[in-house]
Number of protein chains: 2
Amino acid sequence: MVQLDDLDRAILKLLKQDARLTISELAERLNRPESTIHFRIKKLIEKGVIDRYTIILGEPLKPKSVVAVYIETEIPVIEDFLEKYINHITKTLSMLPNVLAVARSGRNGIIALIGGETEEQIEKFVDDTIRTLPSLRKVEVFPFTNIVKGEDVIGFLVDV
Amino acid sequence: MVQLDDLDRAILKLLKQDARLTISELAERLNRPESTIHFRIKKLIEKGVIDRYTIILGEPLKPKSVVAVYIETEIPVIEDFLEKYINHITKTLSMLPNVLAVARSGRNGIIALIGGETEEQIEKFVDDTIRTLPSLRKVEVFPFTNIVKGEDVIGFLVDV
DNA sequence: TATGAAAGACATCATGT
DNA sequence: ACATGATGTCTTTCATA
């Protein structure tokens, strides 16, 4: 187990907001010496608490419209078919640039996050690429009308 | 409209993988002078293509189990009630630390991403906190059995 | 817009309290 | 955990093409 104190948490919170804050800026805001901040961050990285640094892309590259899609396949008699078929679908979806994220859900379900320029374009994508897949039991589409928490997850996920 | 060339895209791709790459490292990998890389990044930030820099948290802080929940309310006679009620639910959910993301979906739907230590703990949370809400027409739970694309979205969303 | 060079700011490390 | 100083590296700026 990893134990974090208030200082660790304060550093993490600030870096989440802006990972380009310099050690001296962090030191000043948190009223601690630079050497301490440097040491803490080093430890946080070593312990894997900080996994990596990244950038969030902004409006110009973000899809204007996003939906979540739940796909459920029929369950075939031979279990091995199911596994291979689900894997095939997830891999195919993963390669498409407007598919932001893909997860398996249970034994015969898939959830995908899909972005596009308009709702219509996404609907077309769902109709052409997903609903045409054979042996589906269910396709549910949940539009993202307004993201209330975690809004910049889209800029995080979008491909360049 | 923002036009990106190959160099811009290459910089963005590298920074997405590791935002701590120095300008000199980027310059070396892309065979361009440091001043050029510096200039491009400055422009990308000005244009809003790069929104901000952040950290992704690692295993120690990530919930081991994640589900998506779709909530749909009844539609009351008075439209204004619906709006206020939905807003109330989304705001309440947003404040909870194990609720990773919340979005409105259509007029009377909400999608939430929920993390926890075990599936059972999440089930309990859903039963206690969500299913007890009045006037719900539907609550659907989609477990994330295995994330295939966008895996580190969890470490991106998790609260510190 | 791209580049090269120079100046200043910064992270990093060792040592000691 | 904190302080200090030495070192090398990086960012930033500016003049120029």
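Residue numbers begin at 1 in each chain, while the letters A, B, ... track the order of the sequences. As the structure is a prediction and not an experimental result, all values here were calculated from the model.
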Open item on the list: To the closest 0.5 Å, what do you measure between CD1 (I23(A)) and CD1 (I37(A))?
Closed with: 8.0 Å

TODO: Can you establish whether the number of heavy atoms outside E46(B) located under 6.0 Å from its atom CD is more than 12?
DONE: yes

Open item on the list: Please classify the nucleic acid contact of F39(A) as base, sugar-phosphate, or nothing, using heavy-atom distances under 4.0 Å.
Closed with: nothing

Open item on the list: Give me the atom names and distance for the closest heavy-atom approach of P143(B) to V67(B).
Closed with: CA-CG1, 3.8 Å

Open item on the list: I'd like to know whether CD of Q121(A) has more than 12 heavy-atom contacts from other residues, nucleotides or ligands below 6.0 angstrom.
Closed with: yes

TODO: Take the C1' atoms of the five end pairs on each side of the helix from dT1(C)-dA17(D) to dT17(C)-dA1(D), get both axes, and report the angle to 10 degrees.
DONE: 30°

- [ ] Measure the distance from CD1 on I37(B) to P on dT12(D) and round it to the nearest whole Å.
- [x] 14 Å

Task: T36(B) vs dT3(C): side-chain N/O to OP1/OP2 distance below 4.0 Å - done: yes

- [ ] Take the protein atom CG of L7(A) and the nucleotide atom P of dA1(D), then report the distance between them rounded to whole Å.
- [x] 8 Å

Task: Nucleotide dA2(C), atom P - distance to CG of L26(B) in whole Å - done: 15 Å

TODO: Check the distance between dA2(C)'s P and R32(B)'s CZ and give it to me in whole angstrom.
DONE: 8 Å

Open item on the list: Rounded to whole Å, please give me the gap between CD in E28(B) and P in dC10(D).
Closed with: 9 Å

Open item on the list: Using whole Å, what does the distance between atom P of nucleotide dT1(C) and atom CG of L44(B) come to?
Closed with: 11 Å

Task: Rounded interatomic separation in angstrom, taking CG from N31(B) and P from dA2(C) - done: 15 Å

- [ ] Please indicate whether D6(A) has more than 12 foreign heavy atoms, meaning atoms of other residues, nucleotides or ligands, lying under 6.0 Å from its CG.
- [x] no

Task: Between dT1(C) (C1') and R40(B) (CZ): distance, integer Å - done: 8 Å

Task: Letter per nucleotide, 5' to 3', of nucleotides 4-17 of chain C [B base touched, S only sugar-phosphate touched, - untouched; heavy atoms, 4.0 Å] - done: B-----SSS-----

Open item on the list: Parallel, tilted or perpendicular: which one describes the rings of F156(B) and F156(A), with boundaries at 30° and 60°?
Closed with: parallel

